[in-house]
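Here the structure is a predicted model, which is why all the values come from computation and not from measurement. Computed over heavy atoms, backbone and side chain alike; hydrogens, waters and symmetry mates excluded. Letters A, B, ... mirror the listed sequences (proteins, then strands); counts begin at 1.
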Protein chains: 2
Amino acid sequence: MMLPMARAATTSDVFNAIAEPQRREILLLLRAGERPVTELAQELGMTQPGASKHLRVLREVGLVRDRKAGKQRLYGLDARGLRPVHEWTGGFERFWNESFDRLDAYVQDLKQARQEE
Amino acid sequence: MMLPMARAATTSDVFNAIAEPQRREILLLLRAGERPVTELAQELGMTQPGASKHLRVLREVGLVRDRKAGKQRLYGLDARGLRPVHEWTGGFERFWNESFDRLDAYVQDLKQARQEE
DNA sequence: GCATCATATGCCGATATCGGAATGCGTCAA
DNA sequence: TTGACGCATTCCGATATCGGCATATGATGC
């Protein structure tokens, strides 16, 4: 028997990990340097467990690393995992430049179709 | 009363739309030019309804556009929506270059800490 | 030890997601 | 008109996801 499958686990894929807006916010903040969990939660207006859970996902895909500092745990950025995403989207760069005329023609078609309604 | 919210709808966000591996495959294929649904489904080894559903998501975030061609419906790439993703990840470029020494230092710390156990 | 602060984890409910299968709808050709 | 083709939509079941809340774990200091 074949059981149905759902979406791939977020923890296995960087694309999925950064699909969450709050996780993207965390990564942006961490560009300024390491931060403890509570500080992140406070600055982003989320609860401490919420921040911890997002950080766990980010850690599992390797986008952040953590370091014990006394009573606290400092999270820091490891942006290397973002490079494949950058390169993947970069593979489309010539398409979002090259195709302006084709797109313009398409937009004209839309306008015309709308007037004919 | 406050009802809980789940993940943001995939149709509202390009990041979410490209979180799906099969949707990324579709986009890659469309770089070679417009294709009808059945051809996409066949080349990617998925069912026709499966392809249609993924194409619908991609259309709703604006990454593909469709055009009627007789009995068929041709899907074409509109890569402009990928540009924000490229730029967002690009904002981390200096971190996946610059931080090699910091990462080295971090690895050294780990080794040292391990020896002190 | 005990209290306290910082963080992680577990459980829950609501919803989103994905694949499969069946079916609906539109278009073309005979 | 009827059939065949191409594609979209719908329903379904299993699972993933996210937020909130309570609670466990862990480290520090007294």
* Compare the minimum distances between each of C:dA6, C:dA8, D:dC7 and the side chain of A:Thr38, then state the nucleotide with the smallest one. => C:dA6
* Which whole-number value in Å describes the distance from A:Tyr75 OH to C:dA6 P? -> 15 Å
* To do: Kindly point out which of C:dT7, D:dC21, C:dC18 is positioned nearest to the side chain of A:Arg73?
  => C:dT7
* **Rounded distance (Å) that lies between atom C1' of C:dT9 and atom CZ of A:Arg59** => 11 Å
* To do: Would you kindly give the CG-to-C1' distance between B:Leu74 and C:dT27, to the nearest whole Å?
  => 14 Å
* **Donor-acceptor under 3.5 Å (B:Arg83 side chain, A:Glu93 main chain)** => no
* To do: Give a yes or no answer on whether the side chain of A:Arg65 reaches the backbone of A:Leu77 with a donor-acceptor pair at less than 3.5 Å.
  => yes
* What nucleotide, of D:dG19, D:dA27, D:dC7, holds the atom closest to the side chain of A:His54? -> D:dG19
* Quick one: A:Arg67 CZ to C:dA6 P, roughly how many Å, whole number? -> 17 Å
* Asked: NA contact type, B:Ser52, heavy-atom cut-off 4.0 Å: base, sugar-phosphate, or nothing?
  -> base
* Assess the side chains of A:Tyr75 and A:Arg67: does a donor N or O sit below 3.5 Å from an acceptor N or O? => no
* Structure fact -> Atom CD of B:Glu20 and atom P of D:dT17 are separated, to the nearest Å, by 12 Å
* Asked: Pick the nucleotide of DNA chain C nearest each of B:Met46 and A:Lys53; which residue has the one closer to the 5' end?
  -> A:Lys53
* Asked: In terms of the nearest nucleotide of DNA chain D, which residue is placed more toward the 5' end: A:Lys71 or A:Gln22?
  -> A:Gln22
* Structure fact -> Here the distance between atom P of D:dA4 and atom CD of B:Gln72, to the nearest Å, is 19 Å
* Asked: Looking for any heavy atom pair under 4.0 Å, which part of the strands does B:Pro36 touch: base, sugar-phosphate only, or nothing?
  -> sugar-phosphate
* D:dA8 base / B:Gln48 side chain donor-acceptor hit below 3.5 Å -> yes
* Asked: Expressed in angstrom and rounded to an integer, what is the separation of A:Glu60 atom CD from D:dA16 atom P?
  -> 14 Å
* Asked: Taking the six-membered ring for Trp, is the centroid-to-centroid distance between B:His86 and A:Trp88 below 6.0 Å?
  -> no
* In whole angstrom, what separates B:Arg56's CZ from C:dT17's P? -> 12 Å
* Asked: Is a side-chain N or O of B:Arg35 found less than 3.5 angstrom from the main chain of B:Leu40, in a donor-acceptor match?
  -> no
